[in-house]
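Excluded from the calculations below are hydrogen atoms, water molecules and symmetry mates; all remaining heavy atoms, backbone and side chain alike, are included. If you're wondering where the values come from, they're calculated on a predicted model, not measured in any experiment.
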Amino acid sequence: MTQQIQAACDDDPMEADVTAVIEACGGNPRTAIKALLVEQLVQEQRIERLAAALSFGYVRGRIGVTPLRSASRHSGVS
């Protein structure tokens, strides 16, 4: 069976990654799945924080665009 796993790893780089994760978790697939789920949660939280920061920065930091209020005040002045 080890030869079958090795053959699959040689054909597909993803299989090699799966094998590496399982081996890193002591050969226990359940522990490997739990570790991956925890990592996914951490990454999702990081994406949410980055998205929130990006949205705030985009709205606040428009460079070279005159706000509508100040444009309307200056349009009436000759």
Output side-chain donor-acceptor pairs under 3.5 Å for residues 29-39, partner residues at least two apart or in another chain, one line each.
residue	atom	partner	partner atom	Å
Thr31	OG1	Asn28	ND2	3.2
Glu39	OE2	Gln43	NE2	2.8

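Other residues sharing a hydrophobic cluster with Leu41 under the 4.5 Å side-chain heavy-atom criterion for ILVMFWY residues do not exist; the residue is a singleton.
With sequence neighbours excluded, no residue forms a side chain to side chain contact (heavy atoms under 4.5 Å, CB included) with Asp17.
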